[in-house]
Structures are given as C-alpha cells and as structure tokens.
Amino acid sequence: MKTRSSIRSPERQVEFGMMIMFGAMTFMPLIDIFAKLLGPTVSGGEIAWARMVIQSLILAPFVWWFGVFRGWKNMHIHAIRGTMIGAATLFFFGALKYMPLADTYAIFFVEPMILTFLSAVFLKETIGWRRITAIIIGFIGALIVIRPSWEIFGWTSVFPLMAALCFATFLLFTKIIANEEHPITMQFFSGLWGTLILGAALYIGHSMEIEVMTFTWPTLYELSLMVTIGLIGCFGHILVINAMKRAPASVLAPFQYLEIVTGTTFGVIIFDEFPAAVTWLGIAIIIGSGLYIFYRESALAQLAET
C-alpha cells in the first residue's frame, strides 16, 4: 500500500508530470488539424487571435474565482508569455496554410532542443557536451527538412523554426513562475496578452493588406472550428503548466514528439500528405536527438538517487 508521502515524493511527482504531459501531447495536435482546415479561407493571424480571445473568455470567470490579482506581481512575465505564445501560434498557423503537416512538425520540433538549451542558460539546469552535441544534430535534422521546403515554399519554411523559438521561450517563462501562480491564472493572462498583441497586429496587418494578417467575418462552420481550437489550446496548456509544476522542463520536452506521430497520421488521413523520404530522415534525426537528451536526463536522475 502506497503512503501519502510516497505519492507526494519528488520521484512520483516527476512521473505524474510526465503522464500529464503525455496526455496533453496526445490530443493537442487537433489544434493544427482544425487550423489547416481553416487555412484556405481564414488567415493565420485571425485564427491565432481567435484562439487567444476564446481562451480568455473561457477562463475569465475561473480566474475571478481563484483570485485574478494574484498575477499582478508577475505581470511582466505574463506579458512575455502572451507575446511568445501569440507569435508561436501565428508563425505555426501561417506555415500550415502552405506547408504539409509533416514538414511543419519536423521543423518545429527542434523546439525541445531549444528549450533544453534555454533551460540550461536561464534555469541553470545541467547540460553537458553530449546533450549539446544532440542539440546540434537535431538542428541538422531540421535543416535537412528546411532545404527542400525552402525551394518550394521560400521564407514560409522558416515559420515553423520561428514558432519553435517562440514556443520554447513561452515554456521557459512558464517554468519560471509555474510554482508561484495558479495554472488557470497563468493561462488567462497569456491569453489576454496574446489577444491584445495579436489584435493590434491583426489591425495593422489588415490595414496594410498583409495576407497572413487579414480579417474576414467567419461563417458558422469557421467559427465553430475556431472555438474548438480555443478550447483545446486552453485546456491543453493548463495540463502542460501542471506538468511543469511537477517535472523539469528538460525532462518533459521529449514528450512533445508525440505530436509528430499524431499530426503526421492526420496529415496522411485527412489531407493525403505523405511525407517525402527527406522529411522522414529529418524527423528521425530530430526525434533521435531528442530521445537521447531524454535518456541522458533519466541516467543522471538515477545517478543522483544512488
């Protein structure tokens, strides 16, 4: 029989955090599926902005219940998080309009390696030469995918890379305040700041007739998809925050590779986008590098316990 202390032990908390992350990463790729379905008729900027708006509206009453003013002391961090998640969403949705899901995911998933590097620099998490090598190899995998994508899609092929950098920064700042703030409060403020910043960008972009930032009134079908995106993004990231309360960012990062499996599968089934051989090669290199980083984290954790 497990005692209360064993359930709350650091090891058990890390395991629970990994389980939460696994669950979140299993269904969150649905966001990208619905965004790609909207791509032909709705701009990436509008989809990203709508996601932030819906997230804020859903969480507002809950934040009031839990105490909205608890977040003021970290408002500058909430502003950074909102900016980063808004920018990451915009870049990723912009890429989905033109690029196959598998290519977009393959380039984006250098993000766990970026997060590992940022965690070492800013959170002082231990990182040795082996993991630095794995990060470099992972970037080489991304470049393998980017090269043919650049020839076909041009600058759009860099969008997933920018999304990865923004999302890794978002997760870094999430980790910094994860133990101080309530997950719902954190998610509300990131949505609120994302709404304000993306709303301003959407207004300017629409005025300047920038394709990725134009606004059109959605149909009922389009609105239903955007509401669904907001719901999944809202509750999915609450799970991610709860996971980060229990486990180091560098331990959780490799679980994001589950999105490649789900997203690529949906890409084949729904959009008939079967990845090219070079894309599979890049995916294999990126996943292999990420799993090695995860292996090193596990090995170091076991040594620390002995």
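In this chain, residues are counted from 1 in sequence order.
Here the CG atom belonging to Leu59 is positioned 11.0 Å from the CZ atom belonging to Phe189, to the nearest 0.5 angstrom. Summarising the geometry, atom CD1 belonging to Ile270 is positioned 7.5 Å from atom CZ belonging to Phe34; distances are rounded to the nearest 0.5 Å. To the nearest 0.5 Å, the span separating CD1 on Ile238 from CD on Gln187 amounts to 5.5 Å. Between the NZ atom of Lys36 and the CG atom of Leu225 there is a distance of 14.0 Å, given to the nearest 0.5 Å. Separation of atoms CE (Met75) and CH2 (Trp193) is listed at 7.0 Å; rounding is to 0.5 Å. Rounding to the nearest 0.5 angstrom, the gap separating the CD1 atom in Ile58 from the CG atom in Leu231 is 4.0 Å.
A donor-acceptor pair is defined here as one N or O able to donate and one able to accept, closer than 3.5 Å; such a pair exists between the side chain of Glu273 and the backbone of Leu101. Lys97 places no side-chain N or O within donor-acceptor distance of the main-chain N or O of Thr41, the cut-off being under 3.5 Å. In terms of modelled atom types and a separation under 3.5 Å, the side chain of Thr264 and the main chain of Ala102 share no donor-acceptor contact. Side-chain atoms of Thr279 never come within 3.5 Å of backbone atoms of Asp103 as a donor-acceptor pair (strictly under, hydrogens ignored). With hydrogens and angles ignored, the 3.5 Å screen pairs no side-chain donor or acceptor of Glu111 with any backbone N or O of Phe108. Panel note: side chain Arg81, backbone Met186; a donor-acceptor pair is recorded below 3.5 Å.
Between Met226 and Pro218, the closest side-chain pair of non-hydrogen atoms falls below 4.5 Å. Within the 4.5 Å cutoff, the side chain of Phe266 has heavy atoms near those of the Leu30 side chain. Counting only heavy atoms from C-beta outward, the side chains of Phe173 and Ile176 approach each other to under 4.5 Å. Contact check for Gln55 versus Ser190: side-chain heavy atoms found under the 4.5 Å cut-off. For the pair Ile80/Phe170, no side-chain contact is recorded, criterion being any heavy-atom separation below 4.5 Å from C-beta on. With contacts defined as side-chain heavy-atom distances shorter than 4.5 Å, the pair Leu38/Glu46 does not qualify.
Taking both residues in full, the closest heavy atoms of Ser56 and Thr195 are given as OG-OG1, 3.6 Å, listed atom of the first, atom of the second, then distance. Shown here for Ser157 and Ile107, the closest heavy-atom pair between the two residues is O-CD1, 3.5 Å. Minimum heavy-atom separation, Ala163 to Phe92: CB-N, 3.9 Å. For the residue pair Ala35 and Ile47, the shortest heavy atom distance occurs at O-CD1, 3.8 Å. Looking at every heavy atom in both residues, Asn242 comes nearest to Arg246 through O-NH1, 2.8 Å. Met213 and Leu198 make their closest contact through CE-O, 4.3 Å (heavy atoms, listed as atom of the first residue, atom of the second, distance).
Annotation for Phe271: atom CZ counts as buried by contact number, over 12 foreign heavy atoms lying within 6.0 Å.
Grouping the Ile, Leu, Val, Met, Phe, Trp and Tyr side chains by contacts below 4.5 angstrom, directly or via other members, places Met19 apart from Phe27.
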> Yes or no on side-chain contact (heavy atoms from CB on, under 4.5 Å) for Asp32 and Tyr105, after CA distance, side-chain angles and deciding distance?
Replying inline: CA-CA 10 Å; Asp32 309 321; Tyr105 275 121; 2.5 Å; yes

> Given the rule in the side-chain contact (heavy atoms from CB on, under 4.5 Å) test, do Met52 and Ile85 qualify, once you have shown the distances and angles that lead to the verdict?
Replying inline: CA-CA 9 Å; Met52 298 293 106; Ile85 190 61; 4.1 Å; yes

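Taking the six-membered ring where tryptophan is involved, the planes of Trp217 and Phe215 are perpendicular, since the angle between them exceeds 60° and thus also 30°.
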